[in-house]
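Order of listing sets the numbers, starting from 1, for every ligand and every atom in it. Computed from a prediction, not measured in an experiment: that's the story for all the values here.
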Amino acid sequence: MATYKIAVLPGDGIGQEVIPEALKILQVVGKGAGVGFEFEQGLVGGAAIDETGDPLPEATFRLCEASRAILFGAVGGPKWEDAPHERRPERGLLRLRKELDLFANLRPAKCFPMLVDASPLRRSVVEGTDLMVIRELTGGLYFGEPRGVERMADGSAHAVNTMAYTSREIERVARVAFDVARKRRKRLASVDKANVLVVSQLWREVVTRVGQDYPDVELEHVLVDNCAMALVARPTRFDTIVTENTFGDILSDEAAILAGSMGMLPSASLGGRTALYEPVHGTAPDIAGKGIANPIAAILSVAMLLRYSLDMAGDAERVETAVLRVLEKGYRTADIRQDGTSPVGTGEMGDLIARELSALYS
Ligand code: IPM
Ligand code: MN
């Protein structure tokens with residue numbers, strides 16, 4: 001029996017609550033598909049700072065490197081907000097992305113038919129939305145040099161971050177995006193700010209050049225401000241979107257609203273040898289510890305893990321089907337709940353999906 005070692009990094013806040021539900025699902029898949037999973041937990045983020053002083057302890061990094069895939073929860077929270085820059089929980093995740101070279105972040109945002117009314121946007125706008133946002137994840141403002149803050153004797157200060165990209169960094173994420181678009185509806189929107197930023201001019205130039213290798217994919221260039229507007233005005237005009245790190249961070253949160261809730265969005269970070277899978281929602285300090293968080297984003301991240309790291313597309317589809325069936329039956333967590341229905345908690349939603357999934361294997 002094939003056995004896969006999975007690094008499990010729940011992190012902080014609701015990461016601690018949704019990851020156990022994702023593991024329930026993987027266990028059902030293991031049984032049904034006849035593969036073994038070896039789960040090994042690692043500390044990351046605030047939880048790791050509290051224990052070791054470091055948001056990405058060496059032991060966690062080694063565990064990730066030695067694993068077939070990484071299942072990640074979320075990091076951050078009010079407790080660590082005042083920590084110095086290098087000691088913030090977020091640094092743990094950023095270092096992991098950089099050191100594992102996870103440059104392509106896939107964030108699908110789909111409006112499921114039964115959740116059309118969960119979005120604060122009108123049905124006529126969100127219905128039929130099916131997007132894939134591909135965010136460059138190891139460059140741009142997040143990592144560019146120089147960066148830092150300089151404090152003067154007179155009390156004034158100067159801070160700088162740099163948006164920097166090499167043509168190589170742009171090209172490799174563009175290729176991932178074209179490959180993904182090719183398997184979807186063959187439409188790619190490259191998002192930039194080429195009317196102002198030289199980095200974006202290079203971005204546009206390189207993406208256009210890469211596009212010559214993909215004549216079957218229709219490429220358009222969209223300015224980021226215009227894209228932000230179009231996403232909530234007419235999201236169905238987009239299929240696959242590719243953009244740099246910061247723009248992708250912002251636009252993917254916006255896209256979450258089209259799917260009804262942040263609690264629905266999975267992600268995959270690819271590029272290096274070991275890929276990382278995480279729900280997009282973050283730690284949600286406002287609801288953490290209450291057992292009401294939506295585990296679906298984490299569970300759909302498991303589906304992405306099966307598809308991209310283990311080549312188990314059929315099992316990935318089963319997981320997605322199980323999620324849809326539970327939603328079709330009317331079960332909702334609080335974030336996607338409909339008027340007049342009482343919401344189920346995190347564990348109950350996980351159990352319902354696990355049960356549905358078992359049935360799909362029998
Ligand atoms: C995300 C998050 C992270 C980011 C934070 C937690 C560092 O917002 O994955 O979108 O900004 O990339
Ligand atoms: Mn974000």
**Taking every non-hydrogen atom, the tightest pair across A268 and Y308** = CB-CD1, 4.3 Å
**Asked** Does CD belonging to E86 count more than 12 external heavy atoms closer than 6.0 Å?
**Response** yes
**Message:** Between S309 and Y277, is the side chain to side chain donor-acceptor pair (under 3.5 Å) condition met? List the steps.
**Reply:** CA-CA 10 Å; S309 282; Y277 300 86; 2.7 Å; yes
**Item:** Lys/Arg N to Asp/Glu carboxylate O, D101 vs R273, below 4.0 Å
**Value:** no
**Item:** Presence of salt bridge, E320 and K110, under 4.0 angstrom
**Value:** no
**Asked** Mind counting the protein N, O or S atoms sitting less than 2.8 Å from the Mn ion (ligand 2)?
**Response** 1
**Item:** Within the 4.0 Å heavy-atom sphere of ligand 1, strictly under, residues
**Value:** E90, R97, R107, R135, Y142, D249
**Asked** Thinking salt bridges, do E205 and R209 make one under a 4.0 Å N-O criterion?
**Response** no
Which pairs of donor and acceptor atoms, one on a side chain in residues 7-18, lie under 3.5 Å apart (sequence neighbours left out)?
unit_1: D12; atom_1: OD1; unit_2: G46; atom_2: N; d: 3.3
unit_1: D12; atom_1: OD1; unit_2: A47; atom_2: N; d: 2.8
unit_1: D12; atom_1: OD2; unit_2: G46; atom_2: N; d: 2.8
unit_1: D12; atom_1: OD2; unit_2: G76; atom_2: N; d: 2.9
unit_1: Q16; atom_1: NE2; unit_2: G11; atom_2: O; d: 2.5
unit_1: E17; atom_1: OE1; unit_2: G291; atom_2: N; d: 3.1
unit_1: E17; atom_1: OE2; unit_2: G289; atom_2: N; d: 2.5

**Asked** Excluding sequence neighbours, so at least two apart, what forms ring-ring contact (aromatic ring centres under 6.0 Å, His included) with Y214?
**Response** F178
**Message:** Counting neighbours of CD on E150 that are heavy atoms of other residues, nucleotides or ligands and sit closer than 6.0 Å, is the number greater than 12?
**Reply:** no
